[in-house]
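Worksheet: one structure, shown below.
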Amino acid sequence: MTTTTAPHHADAPTAEHVHDAHDAHEQSFFTKYLWSTDHKVIGFQYMITGLLMAIIGGYMAYGFRMQLAWPGEWIPGVGFLSSGRYNAFITTHGTVMIFWFAMPVLIAAFGNWLIPLMTGCDDMAFPRINRLSYQVFLISAVVLIGSFFVDGGAFGGAWTAYPPLSSKATMNLTPLGSTLWVVAVALEFVAFLLGGINFITTAMNARAPGMSMMNIPIVVWMIVVASILFMVSVGPLVAGAAMLVFDQQLGTHFFDPGQGGDPILWQHLFWFFGHPEVYVVLLPAMGICAEIITCNARKKFFGYKTLIYTVFATGIISFFVWAHHQFVAGIDPRMANVFTITTLIISIPIAEMLFLFIATLAGGQIRLNVPMLWALSFVAEFLLGGVTGIFLGASGSDIYFHDTYFVIAHFHYTFVPIAVIACFAGFTHWIPKMTGRMMNETIGKLHFWFTIIGFNLVFLPLFITGAWGDHRRIYNYDHFPDLTNAAMQDLRIASTVGLLIMIAAQGFFVWNLLWTWLKGPPAGDNPWQATTLEWATTSPPGHGNFHPMPTVYRGPYEYSVPGAAADFTPQHLPPA
Amino acid sequence: MTAISAPMMPLEVKGGAEPPARRQLVSSATLGMLIFIAVELMFFAGLISAFTIVKSTAPPGAWPPPGQPRLPLELTGITTLVLLCSGALAWLSWRAFSRRAATARVTRPLVAALVLGASFVVVQGVEWLRLVGEGLTMRASTYGSFFYMIVGAHALHALAGLAALAWCWRRHAAGRLAPSSFAAVLALWTFVVALWPALYAVVYL
Ligand code: HEM
Ligand SMILES: [Cu+2]
């Protein structure tokens, strides 16, 4: 009989053989938590490192917002903020939040946790490459933090690192810090290349039997597309980064107009990466919210295929909008027109995705639990960020708005929903799976409301000061009489107070984590009555994830199917 | 039926039927390598477009800069052919390998590909030394900077590809070369070989 011995391909693990990790019995702390190839451990490593980096980034924001509200005063915990340190704080804040918080948590942590679990396999396709990815990432973080302690201090030329400020030590006054910054970012890219190769390969090659392309949960698709976007866009920036380091350290003149170079070149290389990068972080966040919204609306996701095709389209268009960041850099006005049009075009698929979310909600049996609150607020707040992007995308109005706090408010109304709101949505939804314990709903709601109120108080005033012409790169407004009227300063103070509220609100989250750890009730396998595969295994999943491995029989969102026994039909349940 | 105890066995196996398999697009090693190559392709695309922009915006007569040595067109043309031959030989070796031909029929073209590839890199290196001696350095002009940047980046990839080919040779000699690994290395080497004529056309011509 042919089936007595399974064919070779069926019993081989989906991951390449890694012997050290598959004998799980006698493992020291080191091999289990620091040298593990288990995707769940690596997911935790990324998550914890990312959150620690977010604390650093938040501390920087605290420092410079205090300076902006009360210029020149002594700041508790920071001291007097000199202009050089102010610049380093702003730069590091932006860099850390995007590259060391949003990306590691949204893509690497959730990607590591969710891709193998939601596609029903035992680990990543390349577990050792996965481990290497985290190690390189950790080194990159150390290099970045280390740059604060070298001669001249950390780089202060903004996260966009425009030359000549970034390329000439005589201008940025951070001869070593600026190079360490580039090196840290480059290392971080290497980590994400290794991670991204894993995510794409695993999702394409290791899915459970029966899971066709159109049965893959949305968040997995989103992380895969985000990884592809990252991979395709990062090459030119790496080329630019190499050129920048050569300019800094070897005395070449790639970006020096006086010597035959071209500074605008960097802007093109940077933004060719930089705009797709915003979708790199947006898509996983949208995926997380899509999962939570369908689950808690108890309805099939509205237009699954439409969403997937829209995401592909968005990904492609995102490579043709980058010069909307350069409308005032002296680019040809005809080119500016082209990029205005492409920017307006890309807002259509984004709006469409939000409409799909709303259509999913319509008529659902909505459960307003904590993850759902976060996911709903993601839709609401991101809308504001997306809509203001249209003002900036029109070159005519952008000439006025460029480099004002309006831009700051715009992109924080996109990034905060992405990196903060969607992350908390994901944490509160999946922490029961990751730890096996439920979180506290009341503390969760307090955390939610204080964070949301704080966040809006930070950035709504900045739309107004920005519209009044408040320039975003000023250290001390006392030197700019036009910008120091009382109304503007009041708004700045309001914004800083908002930040203090937002920071304090995170105490609720820490409290909730502790509560969950000490007193959290057991979660069971499937606390949310959800349909996707990660809920088919134990919480937390054991080594190898599934025993036995699941087979998939249907799409990922079979909620409230008429005639079904329960209001949800898991993917792995054999048809009756 | 009872003998099925493999950990990856699916939950439900209908009596007598083949257990459902996990479908792969291509082998994971090859897919990973193809993604990596896509990144590298974009990296070189970035370099080439930067080069083209700077070249096309240079004032008339300033590119290549007067007084700087010219790049060796003919010699590099010949080494280009050498590299292309190396690529073809690697494919021959792969063909013999995938048809399970005798070891020698796999090894001989593979070693020849290695030798030709290595001679390409060596000739490039010798030319670099000559150019540097004649005053074309990275610092002397953006012309020089781009030349060393682009050609140097390719040379690093060529070295990595050669190391990978040598690894395949060793594994094959030991009888332990997996087809998926060879396919991945072949993809890398094909990329290195196929990219070069494009770089030659942009940078040298
Ligand atoms: C996906 C969510 C989005 C994110 C994460 C995001 C992020 C950003 C960031 C970080 C910047 C400022 C970069 C800097 O100068 O430091 C920015 C500026 C800009 N964004 Fe967005 N954005 C998003 C959506 C949009 C949309 C939907 C549009 C247009 C329809 C748009 C149009 C613009 C424009 C035109 C600028 C340049 C403004 C200027 O510097 O003058 N963005 N965005
Ligand atoms: Cu953009």
Side-chain angles (χ1 to χ4, degrees), chain A residues 1-7 9-14 16 121-122 125-126 129 193 196-198 200-202 204-210 228 231-240 242-243 246 250-254 256 259-262 265 268-269 272 544 547-551 553 572 574, chain B residues 1-13 15-36 38-50 53-54 57-59 62-63 65 137-146 148-150 153:
Chain A
M1 192 164 127
T2 45
T3 45
T4 41
T5 50
H9 58 262
D11 66 2
T14 52
E16 296 199 332
C121 51
D122 60 344
F126 309 111
I129 291 187
L193 284 180
I197 288 177
N198 243 321
I200 299 171
T201 309
T202 308
M204 290 299 112
N205 269 356
R207 295 193 307 279
I228 296 175
M231 306 267 190
V232 178
S233 62
V234 78
L237 182 59
V238 172
M243 288 153 70
F246 285 169
L250 298 184
T252 55
H253 305 289
F254 287 112
D256 183 346
Q259 311 270 350
D262 182 357
L265 191 57
H268 285 296
L269 294 173
F272 181 80
H547 308 283
M549 299 307 285
T551 301
Y553 297 96
H572 66 282
Chain B
M1 286 309 300
T2 44
I4 300 176
S5 63
M8 295 296 289
M9 280 312 296
L11 199 60
E12 285 296 308
V13 180
E18 282 272 299
R22 288 165 194 264
R23 268 188 288 154
Q24 299 206 334
L25 287 178
V26 287
S27 85
S28 293
T30 311
L31 183 58
M33 181 56 83
L34 289 178
I35 299 168
F36 176 72
V39 176
E40 295 290 15
L41 205 58
M42 288 307 291
F43 169 78
F44 281 100
L47 281 181
I48 288 177
S49 40
I53 289 172
V54 170
T57 51
W63 197 276
T137 62
M138 265 203 109
R139 246 187 264 196
S141 60
T142 35
Y143 180 67
S145 320
F146 271 114
Y148 289 110
M149 179 91 196
I150 296 176

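Heavy atoms only: backbone and side chains are in, while hydrogens, waters and symmetry mates are out. Numbers restart at 1 for each chain; the letters A, B, ... are given by sequence-line order, proteins then strands.
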- Query: Which atom names give the shortest non-hydrogen contact between Ser28(B) and Asn205(A), and what distance separates them?
  - Reply: OG-ND2, 3.1 Å
- Task: Can you tell which part of Ile53(B) gets under 4.5 Å to a heavy atom of chain A, answering side chain, backbone, both or neither?
- Result: side chain
- Note on the structure: Heaviest contributor of heavy-atom pairs below 4.5 Å to chain B, chosen from His268(A), Met231(A), His253(A), is Met231(A)
- Tell me, for Thr137(B) versus chain A, whether the close heavy atoms (under 4.5 Å) come from the side chain, the backbone, both or neither. neither
- Item | Sub-4.5 Å side-chain heavy-atom contact between Met204(A) and Val26(B) | no
- Item | Toward chain A, the part of Met138(B) with a non-hydrogen atom under 4.5 Å | both
- Which of the residues Ile200(A), Ile197(A), Asp262(A) is involved in the greatest number of heavy-atom pairs with chain B at under 4.5 angstrom? Ile197(A)
- With sequence neighbours excluded, tell me which residues meet salt bridge (charged side-chain N to carboxylate O under 4.0 Å, His left out) with Asp256(A). Lys168(A)
- Side chain, backbone, both or neither: which part of Ala50(B) has a heavy atom under 4.5 Å from chain A? both
- List the atom of Thr252(A), the atom of Arg139(B), and the distance in Å for their closest heavy-atom pair. N-CG, 4.2 Å
- Message: Ignoring hydrogens, what is the shortest heavy-atom contact between Phe254(A) and Ser145(B)? Give both atom names and the distance.
- Response: CZ-CB, 3.4 Å
- In chain order, what residues pass the side-chain contact (heavy atoms from CB on, under 4.5 Å) check against Val238(A), with sequence neighbours excluded? Phe189(A), Val234(A), Phe43(B)
- Structural part of Phe44(B) lying under 4.5 Å from a heavy atom of chain A: neither
- Item | Interchain contact, Val54(B) with chain A, by part (heavy-atom threshold 4.5 Å) | side chain
